[in-house]
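This report refers to the structure that appears directly beneath it.
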Amino acid sequence: MKPTPVAAAALALLALLTPAGAAISFGPVRGQPGESVRLVAHSETHGATLEKTVAGKTTRGTIEVIRDRELVWTFREPAADGTLRGMVRVPKLTAVSKITINGKTDTINNPSPLTGKMFSMTKPPKGEWSFELDGSVPLSQIQSEIEEMQVYLKRDWYPAREVKLGDSWEFDPTWIKMIIERDLDKAKTIGTMSLRQIRSSATTQTAVIDIAIHSSGGDFRKDGSEVNATVELSGQVVVNLATMLDESLTLKGTITSTTDRVREITKMTLPISLVATKSFVREAAAP
């Protein structure tokens, strides 16, 4: 006998609920043979303001920064000695800045030299991830992008223990900080996560995790300038508990920064949004 519409709705609702005492455990990403992980990240500002004071005279304007990243990670079987191996392909790695002051707009397009490249990566059992480039791009031009990839591969966001609804833990949001504002590289950052919900369906479970990030600090540069910056972000990450892939990350908040040079002070307030998604894709076999 088929359930009534009311009963069917009740069953569907029960499928979405998990007992409050239920616990989950996180683990490494579980892909199928031949699958790669595609990462797409887009961050942009809305309603950003700029104030620049030179020799006591202040001008005001607006600023927009858009960053796009698309990377495909393919991991191979470890070597006999335990060395981890893989490939990374970079379809897109770009940043565009538009600054408008006194009605004049300056646009800066900054595509990374890594765009369109593919290269291998390795990690010995007791070492760090390293990338083998073909030498066509000077390392000095891509050092920040390489560091960003190394930080991404070292991410350790989830606790080793079991987690229940409402549990919170600290995590290192350095990768997030690097892809939204490089002036924050020296800032002290605090990141917290909290398990908000476990969604169940007939095929899989997903964990909905709340995120809060606070960062503040300063840095003295070689040119004698001083940079102070803060960031306040909040959002959610959704993790597929069958594959352990964090399928979506959304964050919104505000970045403020002040750059103090001799007789010149620049202040920026940047409302920002970040959306990152991951999915499994099929790539051509790596050499």
Side-chain angles (χ1 to χ4, degrees), residues 2-43 69-78 84 86-89 91 152-173 175-176 179 191-213 233-252 273-286:
K2 293 183 179 181
T4 66
V6 173
L11 291 172
L13 178 61
L14 286 173
L16 297 176
L17 299 178
T18 301
I24 61 173
S25 297
F26 296 99
V29 174
R30 307 182 188 120
Q32 297 298 317
E35 286 184 332
S36 302
V37 175
R38 177 175 179 258
L39 166 65
V40 178
H42 174 83
S43 64
R69 280 160 171 72
E70 181 182 353
L71 301 101
V72 179
W73 306 86
T74 304
F75 295 92
R76 303 165 63 187
E77 288 295 326
L84 301 179
M87 303 290 293
V88 58
R89 184 168 62 85
Y152 171 82
L153 290 169
K154 290 169 62 177
R155 289 180 321 138
D156 187 16
W157 284 4
Y158 311 110
R161 59 179 173 84
E162 286 191 334
V163 178
K164 296 181 179 180
L165 292 179
D167 283 357
S168 297
W169 61 92
E170 291 188 358
F171 77 105
D172 182 1
W175 177 69
I176 295 173
I179 68 173
T192 58
M193 289 185 169
S194 176
L195 180 59
R196 178 175 183 173
Q197 186 181 22
I198 302 173
R199 297 173 181 166
S200 300
S201 70
T203 57
T204 190
Q205 283 188 322
T206 55
V208 181
I209 302 168
D210 289 335
I211 302 177
I213 299 173
L233 294 171
S234 62
Q236 289 185 340
V237 61
V238 176
V239 180
N240 185 317
L241 296 177
T243 63
M244 289 299 159
L245 192 67
D246 43 329
E247 295 179 332
S248 69
L249 166 67
T250 57
L251 287 169
K252 289 186 177 181
S273 64
L274 167 66
V275 177
T277 59
K278 287 184 185 174
S279 60
F280 287 115
V281 296
R282 290 278 175 176
E283 286 283 292

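Heads up: numbering here begins at 1 and tracks the sequence.
Between Lys252 and Ser273 the shortest heavy-atom distance is CG-CB, 4.0 Å. The two residues Ser194 and Gly166 have their closest heavy-atom pair at OG-O, 3.9 Å. Here the closest non-hydrogen pair linking Val237 and Asp246 is CG2-CB, 3.8 Å. Taking all atoms of both residues into account, the shortest heavy-atom contact from Gln236 to Ile211 is C-CD1, 4.1 Å. Across all non-hydrogen atoms, the minimal contact from Glu162 to Ala23 is OE1-CB, 3.7 Å. Of all the heavy atoms in Trp175 and Leu249, the pair that sits closest is CZ3-CD2, 4.4 Å.
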### Query
Yes or no on side-chain contact (heavy atoms from CB on, under 4.5 Å) for Val208 and Arg199, after CA distance, side-chain angles and deciding distance?
CA-CA 8 Å; Val208 181; Arg199 297 173 181 166; 3.5 Å; yes
#### Entry: Criterion side-chain contact (heavy atoms from CB on, under 4.5 Å) on Arg38 and Phe280, from CA distance to verdict
CA-CA 6 Å; Arg38 177 175 179 258; Phe280 287 115; over 6 Å; no
### Task
I would like to know whether Ile24 and Leu195 meet side-chain contact (heavy atoms from CB on, under 4.5 Å); could you show each step before the answer?
CA-CA 10 Å; Ile24 61 173; Leu195 180 59; 3.9 Å; yes
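Side-chain atoms of Arg30 come within 3.5 Å of backbone atoms of Ala242 as a donor-acceptor pair (strictly under, hydrogens ignored). Judged by distance alone, the side chain of Trp157 and the main-chain N or O of Asp172 form a donor-acceptor pair under 3.5 Å.
Summarising the geometry, atom CZ belonging to Arg76 is positioned 12.0 Å from atom CG belonging to Leu84; distances are rounded to the nearest 0.5 Å. The CD1 atom of Ile198 lies 4.5 Å from the CG atom of Leu165; values are rounded to the nearest 0.5 Å. Atoms OG and CZ, from Ser36 and Phe75 in turn, are 9.0 Å apart once rounded to the nearest 0.5 Å. Between the CZ atom in Arg69 and the CG atom in Leu274 there is a gap of 9.5 Å [rounded to 0.5 Å]. With rounding to the nearest 0.5 angstrom, the OG atom of Ser279 is 7.5 Å from the CG atom of Leu245. In this structure, the separation between CZ on Arg196 and CD1 on Ile209 is 12.5 Å, given to the nearest 0.5 Å.
Taking the side chain as every heavy atom from C-beta outward, Ile213 and Phe171 approach each other to under 4.5 Å. Considering only heavy atoms from C-beta on, Arg282 comes within 4.5 Å of Glu35 through its side chain. For the pair Val37 and Val72, the minimum side-chain heavy-atom distance is 4.5 Å or more. By the 4.5 Å heavy-atom criterion applied to side chains, Val29 and Thr243 are not counted as neighbours.
Side-chain contact annotation: Thr204 with Asn240, donor-acceptor N/O pair under 3.5 Å present. Under the 3.5 Å distance criterion, with hydrogens and angles disregarded, a donor-acceptor pair is assigned to the side chains of Ser200 and Gln205.
Scored by the side-chain contact (heavy atoms from CB on, under 4.5 Å) test, Pro159 finds Phe26, Arg161, Val163, Trp169 as partners (sequence neighbours excluded).
Relative to the ring axis of Tyr152, Arg155 places its NZ or CZ within 45° and under 6.0 Å from the centre.
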